[in-house]
Amino acid sequence: MKAAVITAFGEPSVLQVAEAPRPVPGRGQVLARVHAAGVNPAEIQARAGAFGLRAPAIIGFEFAGVVEAVGPGVDEDLVGGRVAGWPDSAAQGSYAEYTVSSNFATIPDGVSFEEAAATVIGADNAARGLALLNLRPGETLVVTGASGALGGAAVQFARQRGVTVIGVAGTANADFVRSLGAIPVAHGPGLVDRIREAAPDGVDAALDTAGKGLLPALVDLLGGPGRIVTLADRDAARYGVEFSPGGSGNRDHGPVQEALDLIAAGTWTARVGRSFPLDEAADAHRLVATGHTHGKVILLP
């Protein structure tokens, strides 16, 4: 198969398309032909040498595709079905024509592979963060990074559950944040005052998906760290805030299935910014690194 193989970790140029062995599904796994792979900040870190991966490695932490074969213990009726989920190995990932997975949701009719691949990590992490905040209908939540895949998922899940959302994002994304059902507020100096103006009755909780040093402002806004969760800021402990990173030990395809079903029903938006062919994986990484993608960046193996 073709894959973007990393033989030495470093700059985006280390992502080189080459021939690689096609993986074989083991017990509980499916072999999926990858039709779309999301590109995430965590993969930029992995490409640069994070997470202790060893070369050669094929990264890519979320995918959408078609089941081509199943391993022992897996229902053969899944063959030919469309699925979206996580590759089982961080070094045998979705930047390839094929990957193996045991943790996935089914893609309903009417949902594209690009939309599905753009949903996996965002829906899972957003749902986990919201659950940690124990939100109740009628409460008001601040979501930072509200125009991104992760923040947008958090906004939409919260709105589905009857929560009022203040969405912090750049001014260029205000209309999009509003279309998700949130009240848009521009980031930058004076953020706390703008949020208080947008929510005169107060704010009950905050979910940080941006990881751009906004925790002090959120602690100030809420009067303490008690109902703040960050999914992105590794300095959380410094402010007494709970940090909940995603990883292989806490992935749940349930929220992914919920989001995909909502896309099919026309009540959820998966925003795709730009798609790249596999041999332009380095350019996809360069774009994600800018932080200005206007939607999820997708690879098309």
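One is the number of the first residue; the rest follow in order along the sequence. In this text the structure is predicted, and so the values were computed from the model without any measurement.
Here the side chain of Asp124 pairs no donor or acceptor atom with the backbone of Val120 at under 3.5 angstrom. Side-chain atoms of Arg82 come within 3.5 Å of backbone atoms of Val111 as a donor-acceptor pair (strictly under, hydrogens ignored). Without hydrogens or angle criteria, Ser101 side chain to Trp86 main chain gives a donor-acceptor distance under 3.5 Å. Between the Asn40 side chain and the Ala42 main chain, no donor and acceptor come within less than 3.5 Å of each other. Looking at Arg159, its side chain does come within 3.5 Å of a backbone N or O of Gly181 through a donor-acceptor pair. Side-chain N or O atoms of Thr230 include one that pairs as donor or acceptor with a backbone N or O of Asp233 at under 3.5 Å. No donor-acceptor pair closer than 3.5 Å links the side chain of Ser275 to the backbone N or O of Leu299. Looking at Ser147, its side chain never comes within 3.5 Å of a backbone N or O of Val177 through a donor-acceptor pair. Under the 3.5 Å distance criterion, the side-chain polar atoms of Asp208 are left unmatched by any main-chain donor or acceptor of Val142. Of the possible polar contacts, none joining the Glu280 side chain to the Pro277 backbone as a donor-acceptor pair under 3.5 Å is found.
Residues Phe157 and Ala127 approach most closely at CE1-CB, 3.9 Å, considering heavy atoms. Looking at every heavy atom in both residues, Gln92 comes nearest to Thr99 through O-OG1, 3.0 Å. The heavy-atom pair separating Gly122 from Ala153 by the smallest distance is O-CB, 3.6 Å. What you find for Ile166 and Ala199 is that their closest heavy atoms are CD1-CB, 4.2 Å. When every heavy atom of Val100 is checked against every heavy atom of Gln29, the shortest pair comes out as CG2-NE2, 3.9 Å. Smallest separation of non-hydrogen atoms from Leu141 and Leu207: CD1-N, 3.8 Å.
Counting only heavy atoms from C-beta outward, the side chains of Leu53 and Ile59 approach each other to under 4.5 Å. When side chains are defined from C-beta on, Ile6 does not count as touching Pro56, because their heavy atoms never get closer than 4.5 Å. For the pair Thr140/Val163, no side-chain contact is recorded, criterion being any heavy-atom separation below 4.5 Å from C-beta on. Here the side chains of Thr7 and Val5 are in contact, with some heavy-atom distance below 4.5 Å. Between Val168 and Val143, every side-chain heavy-atom pair lies at or beyond the 4.5 Å cut-off. Proximity of Leu300 to Glu114: side-chain heavy atoms (C-beta onward) are separated by under 4.5 Å at one or more points. The closest side-chain heavy-atom distance from Leu191 to Val185 is below 4.5 Å. The side-chain heavy atoms of Thr144 and His187, taken from C-beta on, include no pair separated by under 4.5 Å.
Within 6.0 Å of the CD atom in Gln45, the count of heavy atoms belonging to other residues, nucleotides or ligands exceeds 12.
Interatomic distance, CD of Gln156 versus CG of Leu130, reported as 11.5 Å (0.5 Å rounding). Taken to the nearest 0.5 Å, the CD atom of Glu97 stands 10.0 Å off from the CD atom of Glu68. Note that OH of Tyr239 and CD1 of Ile228 are 11.5 Å apart. Values are rounded to the nearest 0.5 Å. Note that CE of Met1 is 4.0 Å distant from CD1 of Ile58, once rounded to the nearest 0.5 Å. Atom CD of Glu197 and atom CD1 of Ile183 lie 11.5 Å apart (nearest 0.5 Å). For the atom pair CD1 (Ile195) and CG (Leu221), the distance works out to 5.0 Å, reported to the nearest 0.5 Å.
Salt-bridge annotation for Glu242 and Arg128: absent, with no side-chain N of the basic residue lying under 4.0 Å from a carboxylate O of the acidic one. Ion pair Arg136/Glu139 flagged as a salt bridge, since at least one NZ, NE, NH1 or NH2 atom sits closer than 4.0 Å to an Asp/Glu carboxylate oxygen.
A donor-acceptor contact closer than 3.5 angstrom links the side chains of Asp261 and Gln257.
Note: the hydrophobic cluster containing Val155 also contains Leu260 (ILVMFWY, side chain heavy atoms under 4.5 Å, direct or indirect links). Linking ILVMFWY side-chain heavy atoms closer than 4.5 Å, directly or via other members, places Ile121 and Phe243 in two distinct hydrophobic clusters. No chain of hydrophobic side-chain contacts below 4.5 Å, direct or via other Ile, Leu, Val, Met, Phe, Trp or Tyr residues, connects Leu231 to Val203. Residues Val288 and Val14 fall within the same hydrophobic cluster, defined by Ile, Leu, Val, Met, Phe, Trp and Tyr side chains chained together at heavy-atom separations under 4.5 Å. The cluster map of Ile, Leu, Val, Met, Phe, Trp and Tyr, joined by side-chain heavy atoms under 4.5 Å apart, puts Val66 and Phe104 in different clusters.
Judged by the 6.0 Å distance and 45° axis criteria, Arg271 is positioned over the aromatic ring of Phe176.
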Assess whether side-chain contact (heavy atoms from CB on, under 4.5 Å) is satisfied between Ile298 and Val39, documenting all intermediate values.
CA-CA 6 Å; Ile298 300 292; Val39 181; over 6 Å; no

Does Ile263 form a side-chain contact (heavy atoms from CB on, under 4.5 Å) with Thr119? I'd like the steps, not just the answer.
CA-CA 10 Å; Ile263 294 172; Thr119 301; 3.6 Å; yes

Evaluation steps, side-chain contact (heavy atoms from CB on, under 4.5 Å), between Glu43 and Phe61:
CA-CA 7 Å; Glu43 290 149 15; Phe61 300 155; 3.4 Å; yes

Show your working on salt bridge (Lys or Arg N to Asp or Glu O under 4.0 Å) between Glu62 and Lys296 and close with a plain yes or no.
CA-CA 12 Å; Glu62 65 185 336; Lys296 193 66 174 272; 2.4 Å; yes

Step-by-step side-chain contact (heavy atoms from CB on, under 4.5 Å) determination, Val24 to Leu31
CA-CA 7 Å; Val24 176; Leu31 173 70; over 6 Å; no

Would you check, one step at a time, whether the test ring-ring contact (aromatic ring centres under 6.0 Å, His included) holds for His285 with Phe276?
CA-CA 10 Å; His285 271 224; Phe276 290 82; 10.0 Å; no

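Classification of the Phe113-His35 ring pair by plane angle, with boundaries at 30° and 60°, yields parallel.
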